Amino acid sequence: MAAEEVGQAPHGEGVVGQLSDWVNDHIRTVLLGPSLVALFVVFIYPATMLLWLSLQNTRGIGETFEPAYNYGRIFSDPTFWNAVEKTLIYSTGSLVLSVGAGLAIALALNKVLDSRVRNTYSTLILISWAVPLSIVGVTWRWMFNGQLGVVNKLLIDLGILQSSYSWLGNSLSAMVVVILADSWSRIPFAAVVLLAGLQSIPQEMYDAAKMDGATTLQTFRHVTLPYLRPSFFVAGLITWMFAFRAFAIPFSTTGGGPGGATETLAVYIHRFGIQLLDYGFASAVSVFLVGVTLIVATGYVYFVLEQIEEIEV
Amino acid sequence: MAGPEFTVEQYRRRQRLWDVLESRYVVHLVLFLAVFFIVSPLIWQLLTSFKTSQAVLDLTYLPVDPTLAAYERALIDRGFWRAVVNSVLIASASTVIVMILGTPAGYVFSRFRFPFDNAVFVFVLFTRLFPPIGLVTPYYRIVTTFGLLNTKTGIVIANVYLWLPLVIYIMRNFFITIPQALDEAARVDGCTKVQAFRYVVFPVVLPGFAAGTILTFLYSWREFLFAFTVSTDLNSMTIPVATFLFVGDAGIDWAAMAAAAIVAVIPSALVVIFFQRYIVVGLTGGLKG
């Protein structure tokens, strides 16, 4: 682009000068090369190995090349489909809660005019996003503990429950708890993205709507929502995609239990790949997860590329 | 126009409902509830961490005879202070490496055309969107093969894979907001391309660079999957992993676990409190094209 054509740096002398000239002539390689080499080593290498492993039978001792073995097992194994189902419930639940609560928070924050008050609220709300993921899990595990948890204690003291309820020992309530924990960690992100979207709406649009006598609901429907659509798309897509692959939170809250009731695909992969050392099968499941992500990610990449066009115009 | 048939009275009634919903009281009520939902689990951990083991069993709300014994059990008796040190070292090293590699790369994507540039950029985006759990199984094998199991290096390398693509992307977005005229002016004044980047463009992008640094540090700090896979030994495990290890105990020492959790959360909370604005910039900067 233009930056390369303008001007001529003075040519240096000696070894240092020559080196500096070489760097100047190969600026893209020098600045970008190291990153690409690093990504090649830390990403391409293991990703290739993943594909290779998925074609190996690693169930017994050693490895034998049996391309169809693991993929065949996937489709006949009911525990795999259980994990798919749980992952869909988990990620959709977290998506609805995170984006819903995030929207409510963003709309409310946008109404707070005093920036100091607004920043105080944002800071407090952001904290759960920064909490290490396993700490999220053990915290919710502790609160919902059957014998000593504070939730049971509160509900009994308030007279809502007669006796302790085993939240994490029951399939349905365990799923509710992991979804709550996951949303707890994801709400701040959705709120921040949606708030940025709200703040990008020009004030004139609101003024014009007001002049035309629009009700608040009409303004929301015809001004706020259309402008917010890209932020909604991004917040929703990212939240869903990252909840779909969630490992740390379900793993540290319930370990996938009871009886696989909260076993997301990531927990399932970890169980086979790391705990049972059945690399081949875990890799095949990973390839499935990557495939689903790839389809969703393509939508996202298109969105980003569209924005690039806008910038270059 | 045959729009919805509103009488003035209906219109006023509807609007009155919305005026209530939009009032200061409702706005602050929503925010108060949100803050309560976000903060109360951490407050509960904090209270638990000051309890005696007996108070935990007695199910008291507030710590009776508040004590730091739980911190002593977690940090000293179990030696988890070393996990805190490991966490600081690993997150810092990962952040430095990722920012040094990622910032110039983001600059190149924001400024230069080169063969397959869009394809390379999509590749970077794709590595960012690739589910990390998919790499865990092969990574575990690679780490074992190269003798990096239970080492800090093994965790740092994983962090480079996890956060480098994100940083390249964020930094590119920040660089794009800086007019190319700035680079060109520097070149006309006789700067080499490296000097134009280092002395002219970089200082302008410094707030974005700070946002990237803070974000990478926090992401590395809270990471669990790879840290847990690579190491569960005191020489190299991180404090989030150490805290999780309580879960495997026969009778969980909840107070000590809460103490470890609080220790793991304090740096996160401090960074959020002091750098809230940068985090918001970083989180939204990683999204726009």
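By convention in this document, chain letters (A, B, ...) are assigned in the order of the sequence lines, proteins followed by strands, and residues within each chain are numbered from 1. Because only heavy atoms are used, hydrogens play no part in the values below, and waters and symmetry mates are left out as well, while side chains stay in. Keep in mind that what you see is a predicted model, and the values were worked out from it rather than measured.
Using a 4.5 Å cut-off between heavy atoms, Leu215(B) contacts chain A through its side chain alone, with no backbone atom that close. Looking at Leu218(B), only its side chain comes within 4.5 Å of chain A, counting heavy atoms on both sides. With a threshold of 4.5 angstrom between heavy atoms, Tyr219(B) approaches chain A through side-chain atoms but not through N, CA, C or O. Heavy atoms of Val108(B) lying under 4.5 Å from chain A belong exclusively to its side chain. Heavy atoms of Phe251(A) lying under 4.5 Å from chain B belong to its backbone as well as its side chain. With a 4.5 angstrom heavy-atom cutoff, Ile274(A) touches chain B only via side-chain atoms. Within the 4.5 angstrom heavy-atom criterion, only side-chain atoms of Thr229(B), from C-beta onward, approach chain A. Residue contact with chain A, scored on non-hydrogen atoms closer than 4.5 Å, involves the side chain of Phe109(B) exclusively. Looking at Ser252(A), the atoms closer than 4.5 Å to chain B (heavy atoms on both sides) sit in the backbone and in the side chain alike. Of the two parts of Arg277(B), only the side chain, counted from C-beta on, holds a non-hydrogen atom closer than 4.5 Å to a non-hydrogen atom of chain A. Contacts between Leu53(A) and chain B at a heavy-atom distance below 4.5 Å involve the side chain alone, from C-beta outward. Both the backbone and the side chain of Val56(B) come within contact range of chain A, judged by heavy atoms closer than 4.5 Å. Contacts of Leu162(B) with chain A are absent, with no heavy-atom separation under 4.5 Å from either backbone or side chain. With a 4.5 angstrom heavy-atom cutoff, Ile44(A) touches chain B only via side-chain atoms. Contacts between Tyr279(A) and chain B at a heavy-atom distance below 4.5 Å involve backbone atoms as well as side-chain atoms. At a 4.5 Å heavy-atom cutoff, the contact between Ile168(B) and chain A is made by side-chain atoms alone. With a 4.5 angstrom heavy-atom cutoff, Asn119(A) touches chain B via backbone and side-chain atoms both. There is no contact between Asn110(A) and chain B, counting heavy-atom distances below 4.5 Å. For Thr103(B), no part lies under 4.5 angstrom from a heavy atom of chain A. Interface residue Phe114(B): backbone and side-chain heavy atoms are both found under 4.5 Å from chain A. Using a 4.5 Å cut-off between heavy atoms, Leu277(A) contacts chain B through its side chain alone, with no backbone atom that close. With a 4.5 Å cut-off on non-hydrogen atoms, Val30(B) touches chain A through its side chain but not through its backbone. At a 4.5 Å heavy-atom cutoff, the contact between Leu59(B) and chain A is made by backbone and side-chain atoms alike. Contact of Val41(A) with chain B is not made at all, since no heavy-atom distance falls under 4.5 Å.
Using a 4.5 Å heavy-atom threshold, the side chains of Pro240(B) and Leu133(A) count as separate. Side-chain contact check for Trp221(B) versus Pro132(A): some heavy-atom pair is nearer than 4.5 Å. Counting heavy atoms from C-beta outward, Ser268(B) and Ile127(A) have side chains that stay 4.5 Å or more apart.
Side chain of Arg141(A) to backbone of Val247(B): no donor-acceptor contact under 3.5 angstrom is found. Under the 3.5 Å distance criterion, the side-chain polar atoms of Trp44(B) are left unmatched by any main-chain donor or acceptor of Met143(A). Side-chain atoms of Thr284(B) never come within 3.5 Å of backbone atoms of Ala196(A) as a donor-acceptor pair (strictly under, hydrogens ignored). The main-chain N or O of Met49(A) is never found under 3.5 Å from a side-chain atom of Arg141(B) such that the two would form a donor-acceptor pair. Side chain of Trp142(A) to main chain of Met257(B): no donor-acceptor pair is present (N/O by atom type, distance under 3.5 Å, no hydrogens or angles).
Interface remark: of the candidates Tyr107(B), Phe37(B), Tyr140(B), Phe197(B), Phe37(B) forms the most heavy-atom pairs closer than 4.5 Å to chain A. The choice from Pro131(B), Gly134(B), Gly106(B), Pro104(B) that makes the most heavy-atom pairs within less than 4.5 Å of chain A is Pro131(B). Of the residues considered (Tyr61(B), Phe126(B), Tyr139(B), Phe228(B)), Tyr61(B) shows the highest number of contacts with chain A, using heavy-atom pairs under 4.5 Å. Note on Phe246(B), Phe130(B), Phe275(B): by heavy-atom pairs under 4.5 Å with chain A, the leading option is Phe130(B).
Note that OG of Ser286(A) is 8.5 Å distant from CG of Leu135(B), once rounded to the nearest 0.5 Å. Between the CZ atom of Phe224(B) and the OG atom of Ser134(A) there is a distance of 5.0 Å, given to the nearest 0.5 Å. Expressed to the nearest 0.5 Å, how far NZ of Lys193(B) lies from CD1 of Ile27(A) amounts to 7.0 Å.
Atom NZ of Lys111(A) is surrounded by 12 or fewer heavy atoms from other residues, nucleotides or ligands within 6.0 Å.
When all heavy atoms are compared, the tightest approach of Ala261(B) to Ile135(A) is CB-CG2, 3.6 Å. Taking each heavy atom of Leu124(A) and Val35(B) in turn, the nearest pair found is CD1-CG1, 3.9 Å. The minimum heavy-atom distance between Tyr161(B) and Phe43(A), with the atom names listed, is CE1-CD1, 3.5 Å.
For Phe32(B) and Tyr121(A), the gap between ring centers reaches or exceeds 6.0 Å.
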